[in-house]
Each structure stands twice: as C-alpha cells, then as structure tokens.
Amino acid sequence: MHPQYKTTGDSAFDIGIMDVSQPFEFNAAVQPIVLPRFNERIRLGTRAVAIGWGLSQAIPQKVLPLLLQALDVVTIENDECRRAWLTFKRSICAVGADISVDTCFGDSGGPMMVGNVQWGLMSSGGAANCTGGAPMQFLKVSSLRNWIRRFSKIPHQKF
C-alpha cells in the first residue's frame with residue numbers, strides 16, 4: 001500500500017502493489033501493461049477503455065456481471081469532476097463515450113487504458129444508479145510512476 005494512502009478524504013494515493021506466487025504466462029490473451037512516463041499527461045478528448053467487475057445494474061436490483069466488463073470513456077476537463085466529486089490533483093476525469101452507460105460499484109481499482117498503456121485506476125464517479133452521464137475520476141498512474149518503479153519487481157518493465 002502507498003504510505004500516504006488514507007481511508008477517508010483524498011484518494012490521490014489509493015494504490016498498492018502485490019506479489020503473485022506464480023509468474024504470469026504471457027500469450028496472445030495475456031500481455032504486460034505499459035506505464036506512461038512520469039507525469040506524462042493524457043490529452044483531453046482521448047478515447048480510452050475502463051474495465052472492471054463492478055455492478056452492471058444497481059436498480060431495481062444489484063446485478064454482478066459474469067464476464068469482465070469494458071466501457072469506452074472520453075477524457076474531459078478535471079473541472080467536470082470537481083463539480084460532482086471530491087477531487088484530487090493526481091486525477092484524470094472522463095465520461096462514458098455512450099452517456100447511457102457508466103462505471104459502477106465494484107469497478108474501483110480497475111484500469112483505464114489506451115491500447116496497451118495504463119493511464120488510470122478507477123477511483124470514484126459514475127452515476128449512483130449505474131446508468132451513465134456522470135463524470136468518472138481515475139487516479140493518474142503517471143504521477144505515481146516513480147513509486148511504482150521503486151516497489152515493483154517487474155524485471156522486464158521498461159521504466
């Protein structure tokens with residue numbers, strides 16, 4: 001866990017690294033992710049993909065997906081997130097490319113990617129009923145790249 005992580009308030013350090021007991025076997029379906037350079041910024045209007053195991057429906061009943069879910073998102077000004085959520089400096093704000101779908105409860109911690117580059121980790125946002133239209137906030141991975149490099153044991157990752 002990042003040493004500056006807090007359970008309440010600012011979630012700018014809501015990140016952890018874990019060791020796995022067996023190394024991953026890379027193949028056509030399993031590939032390593034690439035990290036952006038330290039403090040590299042993603043452009044506004046960039047189309048990305050957020051993935052997670054969160055609820056696919058919250059109302060009238062909570063429905064967990066059987067398959068990993070993917071959502072096309074578009075990056076927007078951080079001011080949009082500030083209007084809706086407690087925001088932090090190390091964030092990327094986005095909305096669903098289709099405003100009728102959204103991230104939901106259980107998606108936190110999931111990646112936001114452009115191709116094979118991971119730009120963010122799902123932090124907060126989305127509509128309370130999972131139906132879309134609300135901004136989503138992602139922790140900006142590039143702002144914590146030095147910490148990730150210091151504590152990860154990924155031998156082939158190019159930093």
Side-chain angles (χ1 to χ4, degrees), residues 1-2 5 7 11-36 40 42-76 80-81 84-85 87-88 90-145 147-149 151-159:
M1 221 168 22
H2 195 284
Y5 169 71
T7 56
S11 53
F13 298 97
D14 189 1
I15 186 171
I17 294 174
M18 73 181 191
D19 289 323
V20 293
S21 59
Q22 302 260 335
F24 293 102
E25 291 185 34
F26 295 116
N27 56 43
V30 178
Q31 291 291 310
I33 196 79
V34 174
L35 301 178
E40 184 175 2
I42 190 169
R43 290 184 193 168
L44 293 178
T46 298
R47 226 177 150 94
V49 175
I51 62 173
W53 291 99
L55 296 176
S56 57
Q57 178 183 319
I59 298 172
Q61 59 187 5
K62 294 178 180 177
V63 177
L64 287 171
L66 298 176
L67 298 172
L68 184 62
Q69 301 294 296
L71 174 66
D72 289 330
V73 299
V74 178
T75 59
I76 60 173
E80 296 299 318
C81 281
W85 311 105
T87 61
F88 47 89
R90 294 178 170 90
S91 65
I92 298 169
C93 191
V95 291
D98 173 350
I99 62 166
S100 67
V101 290
D102 217 333
T103 56
C104 201
F105 305 104
D107 285 324
S108 295
M112 182 191 79
M113 308 169 300
V114 177
N116 68 338
V117 178
Q118 182 174 348
W119 286 93
L121 291 168
M122 181 63 198
S123 178
S124 59
N129 59 6
C130 311
T131 58
M136 297 163 256
Q137 183 171 222
F138 296 85
L139 175 63
K140 186 174 18 171
V141 170
S142 69
S143 68
L144 295 168
R145 183 183 162 97
W147 181 82
I148 294 168
R149 181 173 73 186
F151 291 99
S152 69
K153 296 176 184 175
I154 307 171
H156 59 278
Q157 174 73 51
K158 293 180 182 178
F159 288 98

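Along the sequence shown, the residues carry numbers beginning at 1.
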**Study point:** Distance (rounded to the nearest 0.5 Å) between Arg90 CZ and Leu121 CG
**Key:** 13.0 Å
Point to revise | Validation row: Ile42, Trp119 side chains within 4.5 angstrom (heavy atoms) | key: yes
Exercise for review: Could you tell me the separation between the CH2 atom of Trp147 and the CD1 atom of Ile15, rounded to the nearest 0.5 Å?
Suggested key: 5.5 Å
Point to revise | Heavy-atom pair of closest approach, residues Met113 and Ile51 | key: CE-CD1, 4.1 Å
Point to revise | Leu139/Leu144 under side chain to side chain contact (heavy atoms under 4.5 Å, CB included): CA gap, chis, key distance, verdict | key: CA-CA 9 Å; Leu139 175 63; Leu144 295 168; 3.8 Å; yes
Practice item. Locate the shortest heavy-atom distance separating Ala97 from Arg47; write the atom from each residue and the value. Key: CB-NH2, 3.5 Å
Check your understanding: Crowded around Leu66 CG? As in, over 12 foreign heavy atoms under 6.0 Å?
Key -> no
Check your understanding: Considering all heavy atoms of both residues, which atom of Pro36 and which atom of Gln118 are nearest to each other, and what is their separation?
Key -> CD-O, 3.1 Å
Revision key, fill the gap. Between the OG atom in Ser143 and the CD1 atom in Ile92, the distance rounded to the nearest 0.5 Å is 8.0 Å
Exercise for review: Determine yes or no for a side-chain-to-main-chain donor-acceptor pair under 3.5 angstrom, with Ser152 supplying the side chain and Ile148 the backbone.
Suggested key: yes
**Study point:** Contact check, side chains of Asp72 and Val49, non-hydrogen atoms, under 4.5 Å
**Key:** yes
Review point. Is a side-chain donor or acceptor of Asp107 paired with a backbone partner of Gly54 at a separation under 3.5 angstrom?
Key: yes
Review point. SG of Cys81 to CD1 of Ile76: how many Å apart, nearest 0.5 Å?
Key: 5.5 Å
Exercise for review: Flag yes if more than 12 heavy atoms outside Ile99 fall under 6.0 Å of its CD1 atom; otherwise flag no.
Suggested key: no
Review point. Taking it one step at a time, do Trp53 and Leu68 satisfy side chain to side chain contact (heavy atoms under 4.5 Å, CB included)?
Key: CA-CA 5 Å; Trp53 291 99; Leu68 184 62; 3.3 Å; yes
Review point. If you round to the nearest 0.5 Å, how far is CD of Gln137 from OG of Ser91?
Key: 4.0 Å
Check your understanding: Would you say Ser123's side chain and Phe138's backbone share a donor-acceptor pair under 3.5 angstrom?
Key -> no
Practice item. State whether the side chain of Gln69 and the backbone N or O of Leu67 hold a donor-acceptor pair below 3.5 Å, judged by distance alone. Key: yes
Exercise for review: Using the side chain to side chain contact (heavy atoms under 4.5 Å, CB included) rule, take Thr46 and Val114 through it: C-alpha gap first, then chi angles, then the decisive distance, then the call.
Suggested key: CA-CA 8 Å; Thr46 298; Val114 177; 3.8 Å; yes
Check your understanding: Between Gln31 and Ile33, is there a donor-acceptor pair closer than 3.5 Å when you use the side chain of the first and the backbone of the second?
Key -> no
Practice item. Taking Thr75 for its side chain and Arg43 for its backbone only, find out whether a donor-acceptor pair lies under 3.5 Å. Key: yes
Practice item. Compare every heavy atom of Phe13 with every heavy atom of Tyr5, then report the nearest pair and how far apart it is. Key: CB-O, 3.5 Å
Check your understanding: Passes side chain to side chain contact (heavy atoms under 4.5 Å, CB included), Met112 versus Val73? Steps please.
Key -> CA-CA 9 Å; Met112 182 191 79; Val73 299; 4.2 Å; yes
Check your understanding: How far does CG of Leu55 sit from CG of Leu64, to the nearest 0.5 angstrom?
Key -> 5.5 Å
Revision key, fill the gap. Closest non-hydrogen contact found for Met122 with Met136 is CE-CB, 4.1 Å
